[in-house]
Amino acid sequence: METSRPRLRFVKTDNPPVWVRPLIPVLALVVTFILTSGLIIWASASPFETYYHFLISPLTTRVSALEILVKATPLMLTGAAVTFAFAAGYYNIGAEGQLFAGAIAAAGLGVAMKEIPAVITIPSIVIAGFAAGMAWAAIPALLKVKLQVDEVVTTLLLNSVMGFIVSALLNGPWRDPNSGWPQSPEIGASAIFFKLIPRSRLNLGFVIGLLVILVLWFVLTRTSFGLKMRAVGLGKPAARFAGIHVGRTTLIAALVSGGIAGIAGVAEVAGIQYHLIGDLSAGYGYTGIIIATLGSLNAVGVFIASLFFGLVDAGAQTVSRVLGVPVYLGEITQATMLLVALGFFLLQRYRLRRM
Amino acid sequence: MYIVDMLGITKTFGELVANDNVDFQLRKGEIHALLGENGAGKTTLMRILYGLYRPDTGVIKVGEQPVEIHSPKDAIANGIGMVTQHFALVPPLSVAENVVLGNTDGFVVNRAAIEEKVGAAARRFGIEIDPKALVRHLAVGQRQRVEILKALYRNARVLILDEPTAVLVPQEVDALFETLNRLKADGLSVIFISHKLHEVTQITDRVTVLRDGKLIGTVDTSGISQSQLAAMMVGRETFGVTRKGEQHEQQPVTLRIQNLCAKNDQGMLALTNICIDVKAGEILGIAGVGGNGQKELAETLCGVRDCASGSIQLEGKELIGKTPAGFTQAGVGRIPEDRHEGMVGDLTVTENLALEHLNEYTRSGVLDHKATRRQAEELIHQFQIKARPNDPVRTLSGGNMQKVLLARVLSRNPKAVIVPQPTRGLDVGATDYVRQQLLEQRDRGAAVLLISEDLDEILALSDRIAVIYEGEIVGILPAAEATPERLGLLMSGAIKEH
Ligand SMILES: Nc1ncnc2c1ncn2[C@@H]1O[C@H](COP(=O)(O)OP(=O)(O)OP(=O)(O)O)[C@@H](O)[C@H]1O
Ligand SMILES: [Mg+2]
């Protein structure tokens with residue numbers, strides 16, 4: 001107080017300038033770089049080289065660039081799923097379980113419809129996956145709408161329940177009879193998502209992801225249902241007063257959200273693994289929450305955020321392969337980046353002021 | 001010597017200048033009114049003083065020393081406390097816990113000790129409140145007392161009250177004024193915002209008037225009349241709006257309420273056997289002291305509260321059992337008692353205006369943005385709303401929010417109009433405007449049900465007046481027979497005329 005040295009302080013602002021948003025990933029990267037360098041050096045690798053492989057080298061070859069899109073596919077879908085629910089003020093934390101519900105449907109139908117042509121099989125498993133995700137999401141959604149049971153708790157708990165169902169299936173009726181592995185039998189060729197580009201893993205799932213993002217954008221910004229959802233999400237009493245059916249709107253948003261998450265499961269089974277396996281999802285349902293938040297609940301934001309996470313995901317693989325550092329390093333970096341990005345996301349609402 | 005001296009304060013929101021080079025000086029031991037139309041910039045100026053907004057330019061001095069106030073914490077450190085309309089209390093906690101919240105010495109809270117301390121503080125300032133009571137159980141007036149006590153407990157020497165009386169019933173207002181006079185005698189300074197001129201002339205020593213963000217002047221209250229104050233506020237003489245022309249007896253009944261019973265949030269019967277007929281082309285006023293079932297009546301008639309029994313008929317068609325949307329479609333125009341419950345603050349003016357009639361702007365599921373925008377522009381022009389179509393509603397001043405709500409309803413020419421507290425928190429000009437609109441609805445042939453705690457408003461507008469007391473209608477009289485004395489007796493429950 002005695003000195004008149006200027007101090008810096010954080011001051012909350014109502015309207016962050018638009019140009020800060022694209023800066024977030026960049027700043028997050030720089031900070032993450034600084035935070036993780038120590039670890040990288042300790043693992044006797046060069047931080048710069050590591051980061052080159054992490055962020056740049058995936059973009060340099062065609063195969064790895066396509067791999068970014070492959071990694072982004074499930075995130076686009078779960079991000080869209082979470083956005084759909086959150087926009088209506090329904091906090092669906094259960095995308096992970098709904099994803100597996102969709103995956104079970106795809107793995108089951110994929111085997112059962114072996115003899116049927118792809119033009120029928122593929123739409124069928126997508127629809128079935130959507131329906132399965134929806135059905136699994138219906139439990140907490142109905143509890144919420146009919147009995148006001150808090151959805152954060154129920155959706156989260158149901159993820160564990162789904163984990164047990166999957167593991168029961170894989171160790172019981174669906175255990176691969178030939179290998180004895182806990183994985184379901186391979187789906188028929190007619191159920192496999194065709195490749196968009198030969199000799200890559202990029203498949204129809206990516207196109208479906210794009211379509212879903214497009215639909216999300218359209219519903220949220222162009223339809224009256226989207227406005228109803230946002231009204232319910234932003235002010236329930238006012239929405240009710242204006243004559244919007246709050247319960248019905250919440251229910252539909254919750255179900256569609258579950259359905260989209262179910263499609264994410266279908267895309268992983270039919271596009272990548274061809275089996276149902278226990279670690280089908282690398283926490284995609286949870287990452288979807290972060291993607292929806294970073295994308296500030298709008299479709300374009302979700303798309304960009306999933307591409308960014310796809311890049312980091314693809315990079316983590318390259319790094320450990322090329323430099324021979326432990327895979328954990330990639331995972332640590334990824335987790336750090338996530339936290340830092342979230343931190344920046346919150347900080348953008350503040351500005352520094354010289355006092 | 002001034003205890004607070006704000007010099008050359010300017011605050012802009014985008015293009016909008018909310019405060020334009022405003023000077024404001026507060027003396028020690030005075031009650032100082034801040035007066036101005038809706039959107040004049042009163043709340044903004046006080047939020048700056050309390051550290052919620054930063055001014056673009058200007059200097060704030062407290063006790064002659066320039067200070068920087070960046071947050072409410074800084075304001076409190078400088079002895080400035082503020083009570084806003086939306087209280088910042090934690091309902092499940094006790095009064096004492098709320099008062100000390102964020103101001104405890106150690107980590108462990110000793111319940112008995114803080115109750116003792118808070119009780120002592122309440123006695124010292126002459127504030128009547130039980131420190132053990134749970135805030136959840138308190139009436140609005142008592143909650144306000146807790147807020148005031150909270151500020152005083154933190155050694156506030158300056159108390160900012162933003163429209164404190166808007167939420168109070170007359171007896172509570174009297175109690176508040178007593179407290180304020182007592183604080184003044186103790187040497188505290190109070191900044192008092194109100195749209196009610198009689199309160200301003202009754203309680204304050206000086207008045208500062210703002211108009212369109214600019215300072216008009218500061219005057220001594222003793223030397224000025226209410227109409228002079230009104231003229232300073234709006235820049236012209238105002239004329240009260242009153243009903244003229246008697247209503248014709250032969251009009252058919254539009255809205256028929258029979259034996260209506262409803263429960264309040266606690267599950268107790270709040271309305272018993274309400275029977276009211278509202279005819280086409282009449283304004284029926286419901287007078288009563290706040291908290292006698294007005295809220296429940298308004299909500300039931302708006303379709304957002306289930307009734308226990310009874311019937312509500314519009315032109316012979318039953319409305320009970322319909323959804324809020326059903327009420328609207330049947331031709332009931334409704335505004336909510338609390339305007340924040342009628343609009344989604346984060347949606348735009350355009351979206352809020354369209355919200356009640358989305359179907360009309362929807363073609364196979366797709367919202368016609370051009371049409372909603374066009375309608376918003378029309379209504380903004382027609383109802384003189386000071387806002388742009390894309391402004392989020394939460395940035396509007398109270399009066400303009402109310403205009404948005406009215407515009408949404410009245411532009412539809414509803415058969416019946418339910419208006420609880422339509423002018424609460426509105427300035428003189430906006431009040432006149434709203435009343436004028438209600439009279440036009442009546443002359444158009446609508447049945448208007450006006451629920452108001454403001455007796456002057458009831459007397460000025462109503463063709464017939466019903467009085468509600470403890471959830472019952474205790475009398476219905478034609479306006480010509482309604483004197484304030486007789487209504488007063490009915491409202492206090494002293495007599496019944498049935
Ligand atoms: N956070 C904000 N963002 C944008 N505009 C704002 C914001 N806060 C206030 N305004 C605008 O500033 C102007 C002054 O508002 P203010 O709330 O100070 O008025 P007021 O005098 O308190 O009115 P009322 O009597 O209706 O409460 C209004 O036009 C309002 O829309
Ligand atoms: Mg105000």
Side-chain angles (χ1 to χ4, degrees), chain A residues 1-18 86-89 214-249 252 256 296-298 349-355, chain B residues 13-14 51-54 68-71 74 298-299 302-305 322-329 332 334-348 350-369 372 392-395 401 405 408-409:
Chain A
M1 280 289 118
E2 301 79 43
T3 61
S4 60
R5 202 159 42 88
R7 290 175 302 158
L8 290 176
R9 275 231 220 171
F10 282 116
V11 181
K12 195 157 185 178
T13 64
D14 262 357
N15 320 305
V18 275
F86 278 29
L214 208 66
V215 170
L216 176 74
W217 171 82
F218 186 78
V219 170
L220 282 183
T221 65
R222 289 283 171 266
T223 67
S224 60
F225 184 75
L227 180 54
K228 283 183 196 173
M229 270 172 53
R230 286 189 296 133
V232 170
L234 295 168
K236 282 200 176 54
R240 180 174 297 122
F241 190 91
I244 294 170
H245 296 283
V246 173
R248 191 191 299 170
T249 309
I252 296 176
V256 173
S296 36
L297 299 187
N298 82 58
R349 292 196 216 129
Y350 292 81
R351 63 197 309 169
L352 266 181
R353 250 179 202 276
R354 190 183 298 275
M355 302 296 170
Chain B
F13 294 107
L52 290 164
Y53 289 155
R54 292 278 301 154
E68 293 277 353
I69 301 180
H70 304 300
S71 67
D74 294 350
E299 287 177 357
C302 291
V304 290
R305 179 180 291 276
K322 283 193 194 297
T323 58
F327 273 66
T328 309
Q329 272 151 24
V332 184
R334 328 114 61 234
I335 65 165
E337 185 180 2
D338 176 354
R339 49 182 158 265
H340 298 279
E341 285 196 4
M343 279 184 297
V344 185
D346 285 316
L347 293 182
T348 64
T350 305
E351 288 167 331
N352 273 289
L353 281 171
L355 216 50
E356 218 173 35
H357 300 276
L358 279 181
N359 293 345
E360 290 173 27
Y361 304 106
T362 309
R363 296 279 163 278
S364 49
V366 180
L367 195 61
D368 183 348
H369 284 283
T372 57
V393 157
R394 77 183 140 77
T395 65
M401 280 193 196
L405 274 174
R408 182 165 92 183
V409 164

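Below, read A as the first sequence line, B as the second, and so on, with proteins coming before strands; counting in each chain starts at 1.
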Show which side-chain atoms of residues 225-243 of chain A pair as donor or acceptor with protein atoms under 3.5 Å away, not counting sequence neighbours.
| from | atom 1 | to | atom 2 | distance (Å) |
| --- | --- | --- | --- | --- |
| A:R230 | NH2 | B:E351 | OE2 | 2.8 |

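- Residues passing the ring-ring contact (aromatic ring centres under 6.0 Å, His included) test with B:H357: none are found, sequence neighbours excluded.
- If you measure heavy-atom distances from B:L405 to chain A, you find no contacts under 4.5 Å at all.
- Counting heavy-atom pairs under 4.5 Å between each of B:N352, B:T328, B:I335 and chain A puts B:I335 at the top.
- When each of A:I244, A:T223, A:V219, A:T221 is scored by its heavy-atom pairs under 4.5 Å with chain B, the top score falls to A:T223.
- Qualifying salt bridge (Lys or Arg N to Asp or Glu O under 4.0 Å) partners for B:R339, counting only residues two or more places apart in sequence or in other chains: none.
- A:H245 contributes no side-chain N or O that, together with a main-chain N or O of B:A325, makes up a donor-acceptor pair within less than 3.5 Å.
- Contacts with chain A (heavy atom to heavy atom, under 4.5 Å) involve these residues of residues 360-368 of chain B, listed by number: B:T362, B:G365, B:V366, B:L367.
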